[in-house]
Amino acid sequence: MAQLQPVRGTQDLLPDMLRRHRMVSETARNVGSLYGFEEIATPIFEFTEVFSRPIGESTDIVSKEMYTFPDRSGEELTLRPENTAGVVRAVISNGLTQSLPIKFSYSGPMFRHERPQKGRYRQFHQIGVELIGVPQPQADIEVIALGAQILSDLGILDRTVLELNTLGDTASRVAYREALVAYFTPHRASLSEDSQRRLDTNPLRILDSKDEGDKALSVNAPAFGDYLNEDSRWFFDHVTSGLDAIGVAYKLSPRLVRGLDYYCHTAFEFVTTDLGSQGTVMGGGRYDGLMNLMGGPDLPGVGWAAGIERLALLIAEPPLSTRPIALIPVGAEAEKKALVITQQLRRAGLTIELGYSGNLTRRIKRADKIRARIAVILGDNELAKGVAGVRDLDSGEQVEVPLAALQDHLAPFR
RNA sequence: GCGGGUGUAGCUCAGUUGGUUAGAGCGCCAGAUUGUGAUUCUGGAUGUCGCCGGUUCAAUUCCGGUCACUCGCCCCA
């Protein structure tokens, strides 16, 4: 039993869970199209540079979590750890920058070599959207509103909090980063081990540390507000007032930081407390420098990604599919006839289950087990009269229906 | 990557202070009913007690390692 295990951090999506995944991705696609986003699919693997450069060599994702390998012709390839870089690459590769804005949504598997936990897998699935070519804060507002509407349609918006922050433009962020490094460096020895590392990789994250010593030190750290220039402030004010205007609630979180290097200005996360430590359900922000960094024109972008596994755990059980109609032949002659009738009814769009073996009792039992709505019984008695016994398995009522009228009679149950 | 917990039937779990045939409920299969399901009743099957090794006359039980899951950290969706 324990011999054949799936690879660590991967899982089989059995029908019940896959139905939840579909509910999430279909809701995202449908709501996305209301906002003018079209679905796109990019390859699951790319040249390693597609991810390593934009995401940042110092990030955990690139430095220790990517599935990177040389293929048989020696190309350095990587299983995508996220999809923003892939979409941007596709936009550049296909010369799509001629008509702006570009609005894409996607859904698919991503891969990161992390330690698995609930809501955290090595092969996991994300939905996401990217809006490219709009420098105005309206884009940020639209993208966040889209995310909120998807969560709302999934029935879980009220179980999340939208945390919102600005990282400022590049100038502001660089200035602030330097100020933080200058402040923390003299205290380096007093910082936690994690934060000593953060000081080198992502000093903004020290402010969000859970270590008590770090928290104490952070109290007197420089505040980002003092380093935000006028442009950055103007931009963020428009984002917040826009969200206010359309009634999307948010909480300002000055400590919210994005993990990937290419983010600027707006950063946001929808967070829930219902999933333990994997509370971020949707996260994103603005990435104005990314396209240019990847060798394309200097176009701004905003987007987010959401973890399907995490959303799938939160949503209510999706409705089951259409209940089938069970066709139950009794006897060799009926068996033949049933095959033909089944084919006709399925072509007419009815969901038919044809039991494979067993006597009447056995088959009707099985029909009950698969939640069949109707059992169509076809035996010698019926064949002789040219009818079928149509039994309503909910009420127990059974009527005889001429074979010629069977399809019409069953039509209401498709 | 770091620290803690767990691993017994398809599922949820009990149990053995180390001892010969390892249990329950649910589920599954069959019969009561050879042309009528869900209820009920009766009967039945299933485990290399996660894997490898050590201690022991004897290990599912103790010890070590390992794998997987899980909680927290880290990171992130």
Side-chain angles (χ1 to χ4, degrees), chain A residues 1-11 14 24 28 55 58-65 81-84 107-128 147 160 192-195 197-198 201-202 205 208-211 256-260 268-272 275-285 303-314 326 328-331 334 355 358-383 389-398:
Chain A
M1 170 190 100
Q3 294 299 328
L4 278 178
Q5 288 175 330
V7 173
R8 181 158 151 95
T10 67
Q11 52 176 354
L14 301 181
V24 171
I55 294 174
S58 71
T59 61
D60 277 14
I61 292 181
V62 172
S63 62
K64 47 194 188 197
E65 294 179 359
E82 56 94 44
N83 205 28
T84 298
S107 169
M110 311 291 160
F111 306 85
R112 292 182 200 173
H113 189 98
E114 294 186 280
R115 177 136 177 187
Q117 254 175 65
K118 191 204 289 190
R120 184 166 99 178
Y121 304 95
R122 289 184 174 182
Q123 175 178 337
F124 61 105
H125 299 80
Q126 289 187 328
I127 51 173
T160 68
S192 68
E193 206 176 310
D194 281 331
S195 287
R197 180 177 46 75
R198 292 181 180 117
T201 58
N202 196 348
R205 234 180 233 298
D208 204 20
S209 174
K210 282 163 190 160
D211 181 85
L256 178 65
V257 175
R258 297 278 73 208
L260 312 183
F268 63 92
E269 285 183 7
F270 286 87
V271 180
T272 176
L275 289 177
S277 60
Q278 313 305 321
T280 299
V281 117
M282 178 182 285
W304 52 252
I308 296 182
E309 281 79 0
R310 296 180 186 179
L311 293 172
L313 288 173
L314 292 172
I328 302 180
V330 182
N359 58 24
L360 181 61
T361 304
R362 196 177 157 78
R363 289 196 190 207
I364 206 161
K365 241 181 203 175
R366 208 174 290 150
D368 181 59
K369 196 155 297 169
I370 61 173
R371 304 169 40 252
R373 179 72 182 78
I374 301 285
V376 176
I377 296 158
L378 204 60
D380 293 339
N381 303 346
E382 286 82 3
L383 274 187
V390 175
R391 184 177 181 82
D392 185 318
L393 290 175
D394 288 349
S395 68
E397 282 171 36
Q398 186 164 335

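Each chain gets a letter, A, B and so on, in the order the sequences are listed, and its residues count up from 1. All heavy atoms count here, side chains included; hydrogens, waters and symmetry mates do not.
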| said: Using every non-hydrogen atom in the two residues, find where Pro116(A) and Gly9(A) come nearest and quote the distance to one decimal. | reply: CG-CA, 3.8 Å
| query | Rounded to the nearest Å, what distance is computed from the CZ atom of residue Arg197(A) to the C1' atom of nucleotide C2(B)? | reply | 11 Å
| said: Tell me which nucleotide, if any, is Watson-Crick or G-U wobble paired with U46(B) when both distances must be under 3.5 Å. | reply: none
| field | Gap between atoms CG and P, on Asp194(A) and C74(B) respectively (whole Å) | value | 6 Å
| When the nearest nucleotide of RNA chain B is assigned to Leu378(A) and to His125(A) on a heavy-atom basis, which residue is associated with the more 5' position? | Leu378(A)
| Rounded to whole angstrom units, what separation is found between the CD atom of Glu65(A) and the C1' atom of A77(B)? | 12 Å
| said: So which atom in Leu393(A) and which in Ala367(A) form the shortest heavy-atom distance, rounded to 0.1 Å? | reply: CD1-CB, 4.2 Å
| task | Give none if A59(B) has no partner; otherwise give the nucleotide forming a Watson-Crick or G-U wobble pair with it, both distances under 3.5 Å. | result | none
| C74(B) to A14(B) separation - P atoms, rounded to the nearest Å | 32 Å
| Most 5' of Val281(A) and Asp208(A) on RNA chain B, judged by nearest nucleotide | Asp208(A)
| message | Expressed as a whole number of angstroms, how long is the span from Lys64(A):NZ to C75(B):P? | response | 9 Å
| task | Kindly give the heavy-atom pair with the smallest separation between Ser209(A) and Asp211(A), and that separation in Å. | result | OG-N, 3.1 Å
| message | What is the separation between atom CD1 on Ile55(A) and atom C1' on C75(B), rounded to the nearest whole Å? | response | 13 Å
| For the side chain of Arg120(A) and the base of C75(B), is some donor closer than 3.5 Å to an acceptor across the two? | yes
Please list, pair by pair, any protein nitrogen or oxygen found under 3.5 Å from a nitrogen or oxygen in nucleotides 66-69 of chain B.
residue: C67(B); atom: O2'; partner: Gln5(A); partner atom: OE1; Å: 3.2
residue: C69(B); atom: OP1; partner: Gly9(A); partner atom: N; Å: 3.1
residue: C69(B); atom: OP2; partner: Arg8(A); partner atom: NH1; Å: 3.2

| said: Classify Arg371(A) by what it touches in the nucleic acid, base, sugar-phosphate, or nothing, heavy-atom distance under 4.0 Å. | reply: nothing
| message | Let's see if you can work this out: which of C71(B), C75(B), U36(B) has an atom nearest to the side-chain heavy atoms of Gln398(A)? | response | U36(B)
| request: Have a look at Gly119(A) and say if it touches a base, only the backbone sugar-phosphate, or nothing, with a 4.0 Å heavy-atom cut-off. | output: base
| field | Side-chain donor/acceptor of Glu382(A) to base of G35(B), under 3.5 Å | value | yes
| Which heavy-atom pair separates Pro81(A) from Met110(A) by the least distance, and what is that distance? | O-CB, 3.9 Å
| query | If you check the Asp60(A) side chain, which of G37(B), C74(B), C71(B) turns out closest? | reply | C74(B)
| message | From the set A77(B), C74(B), U36(B), return the single nucleotide nearest to any side-chain atom of Ala305(A). | response | A77(B)
| task | Answer yes or no: is there an ion pair linking Lys365(A) with Asp368(A), defined by an N-O contact shorter than 4.0 Å? | result | no
| said: Considering every strand and a 4.0 Å limit on heavy-atom distances, what is the contact class for Ile308(A): base, sugar-phosphate, or nothing? | reply: nothing
Name the pairs: protein N/O against N/O of nucleotides 39-46 of chain B, kept only if under 3.5 Å.
none

| message | Between C1' on A77(B) and CD on Glu309(A), what's the gap in Å once rounded to a whole number? | response | 9 Å
| task | Among G37(B), G72(B), U36(B), find the nucleotide with the atom closest to the side chain of Gln117(A). | result | G72(B)
| message | Using a 4.0 Å heavy-atom cut-off, does Gly379(A) contact any base of the nucleic acid, only the sugar-phosphate backbone, or nothing at all? | response | base
| note | Rounded to whole Å, CG of Asn359(A) lies from P of G37(B) at a distance of 10 Å
| task | Could you check whether Asp394(A) gets within reach of a base, just the sugar-phosphate, or nothing at all, counting any heavy atom under 4.0 Å? | result | base
| Per Lys210(A) side chain, nearest of listed nucleotides C73(B), C75(B), U36(B) | C73(B)
| Under the 3.5 Å rule, do the base of G37(B) and the side chain of Arg391(A) count as making a donor-acceptor pair? | yes
| Looking for any heavy atom pair under 4.0 Å, which part of the strands does Arg112(A) touch: base, sugar-phosphate only, or nothing? | base
| query | Heavy atoms under 4.0 Å, any strand shown: does Gly128(A) hit a base, just sugar-phosphate, or nothing? | reply | nothing
| Are Lys369(A) and C29(B) close enough that a side-chain N or O sits under 4.0 Å from OP1 or OP2? | yes
| field | Sub-4.5 Å side-chain heavy-atom contact between Pro6(A) and Gln11(A) | value | no
| query | Of the candidate nucleotides A77(B), C71(B), C28(B), which contains the atom at the shortest distance from the side chain of Gln126(A)? | reply | A77(B)
| message | Do Asn202(A) and Val257(A) have side chains that approach each other closer than 4.5 Å (heavy atoms only, starting at C-beta)? | response | yes
| query | Distance only, no hydrogens: is a donor on one side chain within 3.5 Å (strictly under) of an acceptor on the other, for Glu269(A) and Thr280(A)? | reply | yes
| task | Indicate yes or no: at least one non-hydrogen side-chain atom of Trp304(A) is less than 4.5 angstrom from one of Ile127(A). | result | yes
| field | Check: Glu114(A) main-chain N/O paired with Arg122(A) side-chain donor or acceptor under 3.5 Å | value | yes
| message | Looking at C71(B), I'd like to know if its phosphate oxygens (OP1 or OP2) sit under 4.0 Å from a side-chain N or O belonging to Lys118(A). | response | yes
| task | Give none if C2(B) has no partner; otherwise give the nucleotide forming a Watson-Crick or G-U wobble pair with it, both distances under 3.5 Å. | result | G72(B)
| note | Mate of A38(B) across any strand shown (Watson-Crick or G-U wobble, both atom pairs under 3.5 Å) is none
| query | Can you find a heavy atom in the side chain of Arg120(A) that is under 4.5 Å from one in the side chain of Arg310(A)? | reply | yes
| task | Answer yes or no: is there a side-chain heavy-atom contact under 4.5 Å between Ile364(A) and Arg391(A)? | result | yes
| What integer number of Å spans the P atoms of G4(B) and U12(B)? | 26 Å
| Contact summary for Ile308(A) and Ser107(A), nearest pair of heavy atoms | CD1-OG, 3.7 Å
| What is the nucleic acid contact for Phe270(A), judged by heavy atoms within less than 4.0 Å: base, sugar-phosphate only, or nothing? | nothing
| request: Identify the nucleotide, in any strand shown, that forms a Watson-Crick or G-U wobble pair with G10(B), with both distances under 3.5 Å; if there is none, say none. | output: C26(B)
